[in-house]
Number of protein chains: 2
Amino acid sequence: MMIMEPRLYTTSADYVYQELRHRIVTKQLKPGQRLPEVNIAVQMGVSRTPVREALRRLASEGLVLIIPNSGARLASPTRREMEDTYAVREQLECISVSIAATRISERNLRRLDDAILEEENAFAEKNLEFYLEVNENFHRIIAESSGNRVLAEFVENILARTNAYVVFYDPFYDIAENPSIAQHKAIALALKAKDREKAVELMREHLKLSLFDLKKPA
Amino acid sequence: MMIMEPRLYTTSADYVYQELRHRIVTKQLKPGQRLPEVNIAVQMGVSRTPVREALRRLASEGLVLIIPNSGARLASPTRREMEDTYAVREQLECISVSIAATRISERNLRRLDDAILEEENAFAEKNLEFYLEVNENFHRIIAESSGNRVLAEFVENILARTNAYVVFYDPFYDIAENPSIAQHKAIALALKAKDREKAVELMREHLKLSLFDLKKPA
DNA sequence: CCGTCTGTGATAGCATGCATGTATTCATGT
DNA sequence: ACATGAATACATGCATGCTATCACAGACGG
């Protein structure tokens with residue numbers, strides 16, 4: 001059973017941001033759909049101001065497209081854009097895992113294991129939103145473990161993109177078929193062994209397969 | 001003589017954004033300095049709203065730090081952060097130039113030459129702001145020539161960071177000493193020759209030296 | 001003398017109203 | 001029927017006022 005835990009946020013703008021991402025991942029919003037400020041503001045019980053901020057933040061992550069004086073619409077990435085995004089992601093994550101392999105702390109190795117356990121829970125529950133969230137965590141922990149904050153920031157950005165794209169592009173995405181968890185375990189092992197080459201290779205393979213899976217249905 | 005051409009902008013928020021970047025590059029603002037919304041709003045003759053938007057955009061580029069309920073301050077990057085930023089930049093620009101080497105259009109090759117000519121003008125005038133702007137252009141054109149828009153977007157972001165950092169970190173940055181233009185010419189030649197390996201190698205070297213130059217004075 | 005608590009000032013967060021620009025619709029003419 | 005144009009409805013951009021929160025200073029107690 002799914003318990004909707006209370007979302008944590010510091011400001012209304014942050015709340016709207018999270019809520020919009022939630023609605024994207026749960027397919028309540030469709031690619032290309034218009035996102036009028038008032039509309040969202042009323043639905044979420046806030047004024048237009050925090051909505052504007054949230055929309056602009058999402059725009060910086062490539063999830064919405066804002067045209068000045070005209071408004072915001074949800075992104076509708078082409079296959080090409082998806083491939084482009086994954087190309088960038090591969091670069092960032094490979095360098096990320098490469099550095100992490102030599103620097104990762106014991107604590108973060110444990111966090112990695114925890115994330116994998118959570119992935120298995122999400123897998124068991126067949127809860128896509130939860131699954132995407134913890135999947136994101138796995139990659140986030142590795143990025144943080146690189147010790148390079150700018151890199152981590154960029155990875156964070158591109159994780160937001162790709163996770164949304166998964167939902168946009170693949171409405172029937174089946175987590176049962178996805179071998180990601182096994183790949184994550186392998187990457188975690190390589191990191192524990194401080195095997196840089198192996199970790200990079202596995203990560204590259206993992207991302208290539210993710211993209212491949214994504215391209216199948218559409 | 002320097003003619004201040006009228007800045008083009010579509011919205012007030014965009015104007016404030018550009019004006020703030022201008023003030024950063026012309027050293028009117030100091031690293032770590034507080035940036036109260038009202039303060040800026042009054043100075044620029046607009047209300048707080050567009051200022052907020054501009055500040056948040058700058059925050060997404062790592063140029064300002066926003067603490068909720070507390071306010072914005074100009075970034076004050078440590079040497080470590082600078083190195084981290086350049087590490088990311090190297091990844092992005094190397095893949096960028098690598099792809100561009102096989103795809104770049106004749107038109108963009110000409111734009112590249114134009115950019116280099118402008119760099120020489122800026123060099124002759126010893127105009128740091130102008131120089132940074134056209135330097136940015138050179139790298140921007142290469143990123144665009146990759147044909148990967150997401151990549152170009154990320155490069156754009158990191159260019160904003162590094163160019164600001166130049167000013168932050170190196171108040172006496174001497175464009176006369178900087179061998180960048182010669183390196184840019186070499187990169188352009190490699191691109192014309194479609195020599196992928198060479199272009200990447202030159203770009204990597206170029207960025208390494210840029211970072212090295214930056215680290216000298218501080 | 002130092003730590004803690006409290007009040008006061010200042011600043012960001014948010015709501016709202018007005019102005020401006022855009023999109024849609026409908027009428028008009030060819 | 002189609003293209004063109006004006007009018008209208010609507011959404012965004014911006015300004016302003018109010019409220020909540022934070023930072024700092026001074027008072028109080030240990």
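Letters go in sequence order (proteins before strands), and every chain restarts at 1. Keep in mind that this is a model prediction, so the values were computed, not measured.
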Verify side chain to side chain contact (heavy atoms under 4.5 Å, CB included) between I99(B) and I95(B), making sure each step is shown before the conclusion. CA-CA 6 Å; I99(B) 304 172; I95(B) 184 71; 3.9 Å; yes
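Residues passing the salt bridge (Lys or Arg N to Asp or Glu O under 4.0 Å) test with E53(B), sequence neighbours excluded: R52(A), R56(A). Residues that satisfy the side-chain hydrogen bond (donor to acceptor under 3.5 Å, both in side chains) test with T26(A), not counting sequence neighbours, are Q28(A). Under the side-chain hydrogen bond (donor to acceptor under 3.5 Å, both in side chains) criterion, S98(A) pairs with R196(A), sequence neighbours left out. Under the side chain to side chain contact (heavy atoms under 4.5 Å, CB included) criterion, E118(B) pairs with N121(B), F130(B), V134(B), not counting sequence neighbours. With sequence neighbours left out, the side chain to side chain contact (heavy atoms under 4.5 Å, CB included) criterion links N69(B) to no other residue. The side-chain hydrogen bond (donor to acceptor under 3.5 Å, both in side chains) check on T78(B) picks up E81(B), with sequence neighbours excluded. Residues forming a ring pair (Phe, Tyr, Trp, His ring centres under 6.0 Å) with F154(B) (at least two apart in sequence, or on another chain): F154(A). For A41(A), the side chain to side chain contact (heavy atoms under 4.5 Å, CB included) partners at least two apart in sequence or on another chain are R48(A), V51(A). Judged as a ring pair (Phe, Tyr, Trp, His ring centres under 6.0 Å), and not counting sequence neighbours, the contacts of F138(B) are H184(B).
Taking the nucleotide of DNA chain C with the nearest heavy atom to each of R34(A) and L35(B), the more 5' of the two is matched to L35(B).
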Between the protein and nucleotides 13-21 of chain D, list the N/O to N/O atom pairs that are separated by less than 3.5 angstrom.
from	atom 1	to	atom 2	distance (Å)
dG13(D)	OP1	N69(A)	N	3.1
dG13(D)	OP2	R52(A)	NH1	2.5
dG13(D)	OP2	R52(A)	NH2	3.1
dG13(D)	OP2	R56(A)	NH2	3.0
dG13(D)	N7	R48(A)	NH2	3.0
dG13(D)	O6	R48(A)	NH1	3.1
dC14(D)	OP1	S12(B)	N	2.2
dC14(D)	OP1	S12(B)	OG	3.0
dA15(D)	OP2	S47(B)	N	2.6
dA15(D)	OP2	S47(B)	OG	2.5
dA15(D)	O5'	S47(B)	OG	3.4
dA15(D)	N7	T49(B)	OG1	2.9
dG17(D)	O6	R48(B)	NH1	3.4

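Across the helix from dC1(C)-dG30(D) to dT30(C)-dA1(D), the helix axis at one end is tilted relative to the axis at the other end by 20° (nearest 10 degrees, each axis from five pairs).
Less than 4.0 Å separates DNA chain D from no heavy atom of any residue of residues 57-65 of chain B.
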